[in-house]
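Just so it is clear, the structure is predicted and the values come from calculations on it, not from any experiment. Chain identifiers are assigned alphabetically (A, B, ...) following the order of the sequence lines, protein sequences preceding nucleic acid strands; residue numbering begins at 1 within each chain.
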Number of protein chains: 2
Amino acid sequence: MVESARRARGGGGAARRAARSAVSFETARYIERNIPNFEVLTEEALEIIEHNADTVLEEIGVNFPDNPDALALWREAGADVQGERVRIPRGLARKLCATAPSTVTQVARNRERDVVIGGKSLVLAPVYGPPFVRDAAGGRRYATMADFEKFVKLGYMSKWLHHSGGTVCEPTDIPVNKRHLDMLHAHMTLSDKPFMGSVTEPSRAQDSVDMCGVLFGEQFVQDNTVMTSLININSPMTFDDVMMGALKVYAENNQACIISPFIVGGAMAPVSVAGTLTQVLAETLAGIAYSQLVRPGAPVIMGAFVTSIDMNSGAPTFGTPEAAHITYGAGQLARRMNLPYRSAGSFNGSKLPDAQAAYETSNSLNMGLLSGVNFMLHACGWLEGGLVSSFEKFVMDADQLGTLHHLARGVEMDENAQAMDAIREVGPGGHYLGCAHTQSNFREAFWKSDLLDYKPFETWSDEGARDTQALATARVEKLLADYQQPALDPGIREALDAFVVERKAAEPDSFT
Amino acid sequence: MVESARRARGGGGAARRAARSAVSFETARYIERNIPNFEVLTEEALEIIEHNADTVLEEIGVNFPDNPDALALWREAGADVQGERVRIPRGLARKLCATAPSTVTQVARNRERDVVIGGKSLVLAPVYGPPFVRDAAGGRRYATMADFEKFVKLGYMSKWLHHSGGTVCEPTDIPVNKRHLDMLHAHMTLSDKPFMGSVTEPSRAQDSVDMCGVLFGEQFVQDNTVMTSLININSPMTFDDVMMGALKVYAENNQACIISPFIVGGAMAPVSVAGTLTQVLAETLAGIAYSQLVRPGAPVIMGAFVTSIDMNSGAPTFGTPEAAHITYGAGQLARRMNLPYRSAGSFNGSKLPDAQAAYETSNSLNMGLLSGVNFMLHACGWLEGGLVSSFEKFVMDADQLGTLHHLARGVEMDENAQAMDAIREVGPGGHYLGCAHTQSNFREAFWKSDLLDYKPFETWSDEGARDTQALATARVEKLLADYQQPALDPGIREALDAFVVERKAAEPDSFT
C-alpha cells in the first residue's frame, strides 16, 4: 500500500512543468558523512563519565512515578525498586541497552525518501513544539492549523530537509485531544516525507499507529518503522508516566522513539559540562533500557536536548560553547553505546530572524554535523528559545542545511579533483574562469545558497536593499504558491479522512 | 622604552572609576586551545597534495616580476630562473622553509597584551582593508580617518580582540602616500594592543619600522617582533615586487609577515578543493622560502585567504562548505610544515549586518577555531565581501569571539566539574538552581553574550523590539562614549607626532 513516487511516473507534461518551475521538489538524500567526527572528550574523560553515570543509577536512581507496570518490569530485571524510585545495579542498564538496534530505517510513503538513522548518517527534521508562529507581515501570534499546514508544505518543498517532523507548531485552534489527528493527517497527505507520531497521551500514540496502519497497511507497520517520535525525559531523572505510556505503545508496535533528556544546564542538570553529560548518560541509559524491557530490539535513538542558561535572567541560552561541548561529548557517549544519536538544531534565543538568530543557529548546526548527530530535530524554523516557529527562519535555516550536506561530503582526491592539468594550463598570472577544468566542474564544485544575496551592491540597492528576512518572506510566498500536493491513492485518502472524522466524534472537545 | 600597563598603576581613583563603569577595558589573553583540531584530509591526501605542490614548483614555477634581487637570490639557492619565472627543484622550497620559526611572539607596548602566534594559539585581529564603512545611521560611505580612529578605539575596548590590526578601513580622505603614517599613529596612540605595519610600498614598510623604533626603541625592534604585516601573493603564483619589497624590509628588520595567497576559488585557483590546496601550498612554500632567503629565521606566518565563487555572477561567496574544507586542509598542511597558520575571519557577502552576514560569519569563525588557525585577521567587522567595515558588525562579531575562547577551553573533568555531589543533593525531580554546586560555579560556568538579547518577550517588546543591529548601534555609541585613551609616555607621543609631521612634509600628496 505504500505510495511510491507517483509524481515521478506522472508523464512528460508534469515533468516538463516541474522542470520549468524555479522551485525544486527534489529532496536530497539524507547525509552520509565522509568526514570524521569532532571529539572533545578524551578516553579517560569518557570512562569517568560512564562510571559516574552508573554510580548515579545505582546510588541515586531514577523515578518512574504513577507507573506500576514499569516498576514491575524493573524489579523483574533486577533493579532495586522502592516506591517510585528505581535503583539500577552497575552495568545493568548498559547491558539492557545492548538489544537496541544501532541503526533505524524509517520508511516514508515515498520510498525514495526513506531515511537511515545511525552510523554516519544525518537526517534533518524541522522545528517541533512552538505554540506561537511569526512572520514579517503578521508578527508573533498563536499558531493555528492553517499555520501548521503551511509549515508541512514548506518542509515538503525544502530540498535539504529529509523529514516532515511532528508538531511543527501547536495548532492551538484545534482541541488538545484531537489536534494530533489533524497533524498526522497533514503530514500524511500534504507531504510524502517521513514523520513523527503523537506522544501527548498513550491513546494518541495508538491513534498514530492506527493511522499509519491506514496509510501503510497494518502488517507493514508491524514490520517496518514508519514513525520516529519524541519521548522527553523530565530531567532530572524522572520518567513521566504519560511519556512512558506513549513509549510503550511505540515500542510494542516496532516504532522508533527518541529518548531524550530536556535540559537547561544549571536548572535541570549541574552547571558543568561533565556533570550534565553524566546526568544525560544516566537518564538515556535508564530510558533506553526501559524501552528494551518493554520490547527487546525496539528501535530507539539516544537524545540530548541540552543547552545553557543565563543565570542573571534564568533564560535558556543557545548556540553557546558549553552547549557545543555537551553535544560533542554526548555524541561520543552514544557511539560508545552503538546507538543512533539525536541532538542540535536551529537553536537560538532571538525574538526575530536577525543576526543573533543566525549566529546562534549556525553555531548549533555546525556542531551538530561535527558531533555525529544522526537525527537533528529542530533543524530549521526555531525562534525565541522554541516558543516560536518562524516562517522566514524556516526557509533561511533550510537553505543553510545545504552547507551541512556539502561539508559532509569531505574532500575529493581523484585526478580530476587534483586539477594538475588546470594549474598547468593556467600558469602564473593567468586566471581559471575559462579553463577546461573549470568549465567541466563549476556546476557541482561549490555549494550555492538558493536564498542569500550574492548580487553587486548597486543591483541589490536598486532591487530594494532587502535584508535576509525580506528575501525569506518572498521565498515563503513563492514556495507556498508553487506547492503541489504529492499524489496519494484516493482510497487511502478517504480512509484517512474517515479515520479522523470517526475518532473526533468519539469524544468531546478538550482544550486543556 | 616599552610602556607597560601604566593605567594599571594609575592609582585607586582610576581603578575605582574603571570598576564602576559598565565597560570593560580588560582584554582576554590570546586563545590557547585545549581541544583537538578538526582534520578533514587523510594522511594519504596530504601526501598527494604535498607531492603535487612540489610538482607545481618544479615544473611550472612561480613568477617574481620586476625583481632582479629576488631572482638572484633564487638562482643562488639552486632554482632554475628563466626571465621572471622561478622553477624550484623538488624539496628545495620546503628545505628553505625549515629555518622559519614555528612560533612568533609579537610584543605590544602593553606587555600584558603580547601575543604568541603558533602552536595551539589563536590570536584575533579585526577586519583589514575595506574602502567603505557602514553604520545604521549613516549607511554605506567611503571610509575616512575619523572612521579609522573609531574602529581602533572599538578594537581597544573589545575584550575578545587581542590585536589592533592594520588597515581597519582605508582612510580615503588622507593621501595614499601618507595615510600609513596616520594609521600607525592611531594604532600606537589610541590602543596598546599589537598592530600591523604598512605593505603598500617598501618605503612605507620602512616608515613602519622606523615609527616602531620611536615607540619601542630602535634596538628593541631589532630584537623583538613588534609588527605582523600582511603580504598577499598575487595568485596564481605571482609575487608582486611591491609586496616582496615590503616583505624584504620586514624580514631584514626581524618583523613578522603573513605570507598569504588571496584566492577566490575558480578564478585565481582551480575550482576544486584539492587543486586549490595544492596551489596554496605551492605559493606559500615559495613565498616563505623567499623570506628565508632574505633572512634565515625571519618570522613568518603561512596564510590562506581562500573562498569560493558563485559561478553565475562571479561574486565571491563566504562561509561556504568548500571554504571550510580548504581552511581545514590548509591548517593540516601548515602544521606539517611546523609553521604558524593564518586563515578564516568574519567573512560574509551580505550588504547588511543581518542573518546572512551572521550565518556566513559563524560558519567561518567556527571553522577557523577548529582548523587550528593561529592568527585570524578579519575576525570582526567584515561586511559585503570585504568592501565594507561595519561598525555594528564589528561589535556583533567581537562579542561572538567570546564563544571561541570558551569552546577552546575544552571540558574540565576535575571533581568539581564532575558535580556528583550536586546530582546527589538534587536527586530525581529536583532542580539545580539553588544547589551549592550551582551557587559556587554559575559565574564562570557558561559563556554569556554582552550584546545579544536574552530578555523575556514582553520586556524586549516594551524596550522597543530591537534587532541585533539596533542593539549593536547602541553598543558602538556606548563604547565610543566610554573610551579612555591608554597612557603613553609624553616624550614618545611627541616624537611620534614629530615623525609623522616630518615624513608628511617630505613629499607631495598623492591620491593614486
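- Residues A:T438 and B:M311 are in side-chain contact: their nearest non-hydrogen atoms beyond the backbone lie under 4.5 Å apart.
- In terms of heavy-atom pairs under 4.5 angstrom with chain A, the leader among B:A419, B:G429, B:A269 is B:A269.
- Heavy atoms of B:D310 lying under 4.5 Å from chain A belong exclusively to its side chain.
- Side-chain contact between B:T320 and A:F446 is absent, with no heavy atoms from C-beta onward closer than 4.5 Å.
- In this structure, the portion of B:P353 lying under 4.5 Å from any heavy atom of chain A is its backbone and not its side chain.
- Atom CG of B:D354 is separated from atom CZ of A:R466 by 12.0 Å, given to the nearest 0.5 angstrom.
- With a threshold of 4.5 angstrom between heavy atoms, A:I309 approaches chain B through its backbone and through its side chain.
- Between A:N363 and B:Q400, the side chains place a donor N or O and an acceptor N or O closer than 3.5 Å (distance only, hydrogens not considered).
- At a 4.5 Å heavy-atom cutoff, the contact between A:A465 and chain B is made by backbone atoms alone.
- Contact count against chain B (heavy-atom pairs under 4.5 Å) is highest for A:L433 among A:T238, A:V40, A:L433, A:L451.
- Interface summary for chain B: among A:A422, A:G430, A:S350, A:S449, the most heavy-atom pairs under 4.5 angstrom belong to A:G430.
- Looking at every heavy atom in both residues, B:A358 comes nearest to A:A355 through CB-O, 3.3 Å.
- Panel note: side chain A:K455, backbone B:A315; no donor-acceptor pair is recorded below 3.5 Å.
- Across every non-hydrogen atom of B:L370 and A:F38, the tightest pair is CD2-CZ, 3.6 Å.
- Proximity to chain B (any heavy atom under 4.5 Å) is restricted, for A:Y328, to the side chain, taken from C-beta onward.
- Looking at A:L41, only its side chain comes within 4.5 Å of chain B, counting heavy atoms on both sides.
- Between A:D467 and B:Q356, the closest side-chain pair of non-hydrogen atoms is not below 4.5 Å.
- We find the NE2-CD distance between B:H325 and A:E412 to be 10.0 Å, quoted to the nearest 0.5 Å.
- Taken from CD1 in A:I49 to CE in B:M413, the straight-line distance is 4.0 Å, to the nearest 0.5 Å.
- Here A:S308 is the residue among A:S308, A:G61, A:C435, A:G434 with the most heavy-atom pairs under 4.5 Å with chain B.
- Under the rule for a side chain to side chain donor-acceptor pair (under 3.5 Å), the partners of A:R140 that lie at least two apart in sequence or sit in another chain are A:E384.
- A:E59 touches chain B through its side chain: at least one heavy atom from C-beta onward sits under 4.5 Å away, while N, CA, C and O do not.
- Proximity to chain B involves both the backbone and the side chain of A:W447, based on heavy atoms less than 4.5 angstrom apart.
- Between chain B and the residues A:S313, A:G410, A:P316, the largest count of heavy-atom pairs under 4.5 Å involves A:G410.
- For chain B, the nearby part of A:V426 is the side chain; its heavy atoms alone come within less than 4.5 Å.
- Heavy atoms of A:N312 lying under 4.5 Å from chain B belong exclusively to its side chain.
- Among B:S461, B:A445, B:G329, B:A323, the residue making the largest number of heavy-atom pairs under 4.5 Å with chain A is B:A445.
- Heavy atoms closer than 4.5 Å to chain B are found in both the backbone and the side chain of A:Q418.
- Interface remark: A:P36 contributes backbone and side-chain atoms alike to the contact with chain B (heavy atom separation under 4.5 Å).
- Looking only at heavy-atom pairs under 4.5 Å with chain A, the residue among B:P456, B:G427, B:A357, B:A324 that has the most is B:G427.
- Top candidate by heavy-atom pairs under 4.5 Å with chain A, chosen from B:S235, B:A267, B:G349, is B:A267.
- Contact annotation for A:M396: both backbone and side-chain heavy atoms come within less than 4.5 Å of a heavy atom of chain B.
- Between B:I60 and A:R424 the shortest side-chain heavy-atom distance falls below 4.5 Å.
- In this structure, the side chains of A:R85 and B:P428 come closer than 4.5 Å at one or more pairs of heavy atoms.
- Across every non-hydrogen atom of A:A417 and B:S272, the tightest pair is O-OG, 2.6 Å.
- A:Y432 and B:Q279 share a donor-acceptor pair across their side chains, judged by distance under 3.5 Å alone.
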Taking it one step at a time, do B:K448 and A:T317 satisfy side chain to side chain contact (heavy atoms under 4.5 Å, CB included)? CA-CA 8 Å; B:K448 182 179 176 296; A:T317 50; over 6 Å; no
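- Between A:W460 and B:L352 there is a side-chain heavy-atom pair separated by less than 4.5 Å.
- In summary, the side chains of A:Y359 and B:D399 do not present any donor paired with an acceptor at a separation below 3.5 Å, with no hydrogens or angles considered.
- Residues A:I423 and B:P236 fail the side-chain proximity criterion, which asks for heavy atoms closer than 4.5 Å.
- Between chain A and the options B:L365, B:T278, B:D397, the largest number of non-hydrogen pairs under 4.5 Å is found for B:D397.
- When B:N416, B:N441, B:N52 are compared by the number of non-hydrogen pairs under 4.5 Å with chain A, B:N52 comes out ahead.
- Residues of residues 401-408 of chain A that come within less than 4.5 angstrom of chain B, heavy atom to heavy atom, are A:T403, A:H406, A:L407 in numerical order.
- By number of non-hydrogen pairs under 4.5 angstrom with chain B, the leading residue of A:K351, A:M237, A:E444 is A:K351.
- For a residue to count as touching a neighbouring chain, one of its non-hydrogen atoms must lie under 4.5 Å from one of that chain's; by this rule A:P65 does not touch chain B.
- Residue A:N234 does not touch chain B at all, counting heavy-atom pairs closer than 4.5 Å.
- Contact tally against chain B (heavy-atom pairs below 4.5 Å) for A:G275, A:A274, A:P270: the top residue is A:P270.
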